[in-house]
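Step one of this worksheet: look at the structure below.
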Amino acid sequence: DAKTTQPPSMDCAEGRAANLPCNHSTISGNEYVYWYRQIHSQGPQYIIHGLKNNETNEMASLIITEDRKSSTLILPHATLRDTAVYYCIVRVAYNTDKLIFGTGTRLQVFP
Amino acid sequence: EPEVTQTPSHQVTQMGQEVILRCVPISNHLYFYWYRQILGQKVEFLVSFYNNEISEKSEIFDDQFSVERPDGSNFTLKIRSTKLEDSAMYFCASNLRANEKLFFGSGTQLSVL
């Protein structure tokens, strides 16, 4: 699976959009981009995933660049409860069951 | 929303003892997983399980580890002879189909003394 690079930490004011970048320059054509988050020491929580089109759900939006070498997770109106570690994971669908977690981005939302 | 349930939330054991960590996956899910996270470190994949057999396992998952689905609802992780380095938070996860989003439990904190 392709390696990802994320900034170790970011801050965001409550109510503002949080934009979390991820670089995956070695991504292959059949690899998906997944985002999970981990609040404190709880179990990871799925947020969103995509292949090449932008995706949106009730939690977030995922913007993938045209060359697919990077993506951005957008939390449109961050709340204090969004403070967590956010993981960008690239994996091949139908190839392996496992998720390989990196160190992620620690997002701190402040009042 | 349905949840993956793990018990106990904390488990303390002596080195060399056997422990069983229990999980109740979401009821209609077919794929089951164990991950662990040593304090301050990354979340690590241990094993995946489908159709009553292991489908994939990591190097961490050695002969001291085993998994079982003893009935239609429980999924267990057994560590035969615990070591100090097995101290970690253990997460169970499940999904309905392979490669769909995983639902994780809240974890069991295992402390080996």
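The shown structure was predicted, so the numbers you read here are calculated from the model rather than taken from an experiment.
Residues of residues 101-111 of chain A having a heavy atom under 4.5 Å from any heavy atom of chain B, listed by number: A:Phe101, A:Gly102, A:Thr103. Using a 4.5 Å cut-off between non-hydrogen atoms, no part of residues 6-18 of chain A approaches chain B. Contacts of residues 46-73 of chain A with chain B at a heavy-atom distance below 4.5 Å involve A:Tyr46, listed in sequence order.
No more than 12 heavy atoms of other residues, nucleotides or ligands shown are found within 6.0 angstrom of CD on B:Glu59. Around atom CD of B:Glu3, no more than 12 heavy atoms belonging to other residues, nucleotides or ligands sit under 6.0 Å away. In the displayed structure, B:Asn28 atom CG is contacted under 6.0 Å by more than 12 heavy atoms of other residues, nucleotides or ligands.
At a 4.5 Å heavy-atom cutoff, the contact between B:Gln37 and chain A is made by side-chain atoms alone. Contact of B:Tyr35 with chain A is made through the side chain alone, with heavy-atom distances under 4.5 Å.
Heavy-atom minimum distance, A:Gln38 versus B:Phe91: NE2-CZ, 3.6 Å. Heavy atoms only, all atoms of each residue included: A:Tyr87 and B:Val43 are closest at OH-CG2, 4.3 Å.
If you take CD1 on A:Ile100 and OG on B:Ser58, they are separated by 10.5 Å, rounding to the nearest 0.5 Å. Between the CD atom in B:Glu44 and the NZ atom in A:Lys98 there is a gap of 11.5 Å [rounded to 0.5 Å].
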- Task: Would you please test A:Tyr36 and B:Leu102 for side chain to side chain contact (heavy atoms under 4.5 Å, CB included) and show each step?
- Result: CA-CA 9 Å; A:Tyr36 281 77; B:Leu102 293 192; 3.6 Å; yes
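For the salt bridge (Lys or Arg N to Asp or Glu O under 4.0 Å) condition, no pair includes a residue of residues 66-84 of chain B, sequence neighbours left out.
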